[in-house]
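Below: one structure, written as C-alpha cells.
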Amino acid sequence: MNKNEKFVITINRELGSGGRTIGRILAEKLGVPFYDKALIKTLEEKYNLSTEEIERKKARSRHWWSDFERVVGLGYGMSVNVDPSRVETVTTSQLFQAEKEILEGIAQDKSCVIAGRLAFFVLKSHPNHLSVLIQSSMESRIARVMRKKNISQEEASKLIDKVDKMREKYVKNFSNTSRYDTRNYDLVIRTDGKTEEEVANHILNFIGER
C-alpha cells in the first residue's frame with residue numbers, strides 16, 4: 001500500500017480484540033476519515049440508503065458519496081457505538097448490496113480506514129488496499145468485554161460466542177470465504193499484551209516498510 005496515493009485500509013476484528021479502537025487511532029494518525037459498520041448501518045436507516053436510492057444518487061453524480069457526505073456533514077473519525085448483541089443476525093441480500101455500494105463509494109472518493117465485517121472482501125480489488133485482521137486470545141477478549149460492558153465473565157463469554165457465530169455466518173453467506181482465512185489479509189496481528197496505540201504504530205511501520 002502506498003500512503004502517498006488514495007488508499008483504503010480495512011480492519012476486520014474479533015469482538016474484544018480492540019480492533020475498532022485501533023482502526024480509529026490509525027485513521028487519526030494518517031489524517032483520514034474512519035468508518036465502521038455501525039455508522040454505515042445508521043446511514044442506511046436514517047437516510048434511506050437503499051440500493052434503489054443509491055442508484056438514483058449515482059445516476060445524478062459519479063461522486064455521489066462525496067456529495068452525500070457534504071450534505072449530512074460527516075466528519076473525520078465519526079463513528080457510532082452499537083451493542084453487537086443487538087445487531088440483527090439476518091441481513092438480506094438487498095441490504096448487503098446497499099452496504100457494498102456505500103463502501104465502494106467511500107473508497108472511491110478518498111483515503112480512509114474502514115472497520116467492518118465485509119469491507120475486506122468488498123474492497124479486495126481496490127488498487128491501493130491494505131487488509132488487516134485483528135485478533136486476541138479468548139482470555140483477553142473476555143476480560144476486555146467484561147471491562148467495556150461491565151458484565152460478568154459468563155455474560156462476556158456468551159456474547160463473544162454469539163457475535164463470532166453471527167459474523168462468520170454473515171461473511172460466509174455473502175463472500176463464500178471465512179473471516180478467519182488469513183489468505184484474505186495482508187497483515188494479521190494478535191493484540192495480547194499490546195496497547196491499541198502500539199498496534200496502530202505497528203501497522204504504520206508495516207506500511208512504511210512496503
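If you're wondering where the values come from, they're calculated on a predicted model, not measured in any experiment.
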Tell me whether Lys29 at atom NZ has more than 12 heavy atoms from other residues, nucleotides or ligands lying less than 6.0 Å away.
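Yes - once you tally the heavy atoms of other residues, nucleotides and ligands closer than 6.0 Å, there are more than 12.
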
For [X] and [Y], which heavy atoms make the closest approach, and how far apart are they?
{"X": "Leu123", "Y": "Glu104", "value": "CD2-CA, 4.1 Å"}
{"X": "Ala27", "Y": "Pro33", "value": "CB-O, 4.0 Å"}
{"X": "Lys6", "Y": "Ala107", "value": "CD-O, 3.8 Å"}
{"X": "Arg179", "Y": "Arg13", "value": "NH2-O, 2.8 Å"}
{"X": "Ser178", "Y": "Glu168", "value": "OG-OE2, 2.8 Å"}
{"X": "Ser157", "Y": "Ile142", "value": "CB-CD1, 4.1 Å"}

Once salt bridge (charged side-chain N to carboxylate O under 4.0 Å, His left out) is applied, do any residues pair with [X], and if so which ones, sequence neighbours excluded?
{"X": "Lys148", "result": "none"}
{"X": "Glu198", "result": "none"}
{"X": "Lys158", "result": "Glu154"}
{"X": "Glu155", "result": "none"}

With sequence neighbours excluded, residues passing side-chain contact (heavy atoms from CB on, under 4.5 Å) with Ser131
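With neighbours one apart ignored, the set is Thr10, Phe120, His129, Tyr185, Asp186.
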
Arg147: which residues meet the side-chain contact (heavy atoms from CB on, under 4.5 Å) condition with it, sequence neighbours left out?
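Expected list: Arg144.
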
Path from [X] to [Y] over hydrophobic side-chain contacts below 4.5 Å:
{"X": "Val8", "Y": "Val188", "result": "yes"}
{"X": "Ile25", "Y": "Ile11", "result": "no"}
{"X": "Val132", "Y": "Tyr180", "result": "no"}
{"X": "Phe34", "Y": "Leu30", "result": "yes"}

So, taking the atom named [atom1] in [X] and the one named [atom2] in [Y], what distance separates them when rounded to the nearest 0.5 Å?
{"X": "Lys124", "Y": "Leu118", "atom1": "NZ", "atom2": "CG", "result": "10.5 Å"}
{"X": "Asn128", "Y": "Asn4", "atom1": "CG", "atom2": "CG", "result": "9.5 Å"}
{"X": "Asn201", "Y": "Glu196", "atom1": "CG", "atom2": "CD", "result": "12.0 Å"}
{"X": "Tyr170", "Y": "Met166", "atom1": "OH", "atom2": "CE", "result": "10.5 Å"}
{"X": "Asp36", "Y": "Arg20", "atom1": "CG", "atom2": "CZ", "result": "5.0 Å"}
{"X": "Glu197", "Y": "Ile22", "atom1": "CD", "atom2": "CD1", "result": "10.5 Å"}

Would Ile114 and Leu103 satisfy side-chain contact (heavy atoms from CB on, under 4.5 Å), going step by step from the backbone distance to the final call?
CA-CA 8 Å; Ile114 302 174; Leu103 290 171; 3.8 Å; yes

Any residue meeting side chain to side chain donor-acceptor pair (under 3.5 Å) with [X], in chain and number order, not counting sequence neighbours:
{"X": "Asn173", "value": "none"}
{"X": "Gln153", "value": "none"}
{"X": "Thr177", "value": "Asn184"}
{"X": "Ser140", "value": "Ser136"}

Whether [X] side chain and [Y] backbone form a donor-acceptor pair below 3.5 Å:
{"X": "Ser17", "Y": "Gln135", "answer": "no"}
{"X": "Lys194", "Y": "Arg190", "answer": "yes"}
{"X": "Asp192", "Y": "Ser137", "answer": "yes"}

Looking at side-chain heavy atoms only, is the closest gap between Leu133 and Ile189 below 4.5 Å?
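Answer no - side chains too far apart.
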
Side-chain heavy atoms of Leu26 within contact of Ile9, under 4.5 Å
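Result yes, sub-4.5 Å side-chain heavy-atom pair found.
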
Candidates Val32, Ile207, Asn2 - the one meeting side chain to side chain contact (heavy atoms under 4.5 Å, CB included) with Phe7
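So the option named by the test is Val32.
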
Do Tyr35 and Cys112 pass the side-chain contact (heavy atoms from CB on, under 4.5 Å) test, and can you show the C-alpha distance, the side-chain angles, and the key distance before you say yes or no?
CA-CA 8 Å; Tyr35 302 94; Cys112 58; 3.9 Å; yes

What verdict does the side-chain contact (heavy atoms from CB on, under 4.5 Å) test give for Ile134 and Asn12, after you've listed the backbone C-alpha separation in whole Å, the side-chain angles of each residue and the deciding distance to 0.1 Å?
CA-CA 6 Å; Ile134 305 294; Asn12 204 6; over 6 Å; no

With sequence neighbours left out, which residue pairs that include part of residues 132-143 fulfil the salt bridge (Lys or Arg N to Asp or Glu O under 4.0 Å) condition?
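Residue pairs with at least one partner in residues 132-143: Glu14-Arg141, Arg141-Asp164.
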
Walk me through it: do Phe174 and Val122 pass the test side-chain contact (heavy atoms from CB on, under 4.5 Å)?
CA-CA 10 Å; Phe174 292 104; Val122 171; over 6 Å; no

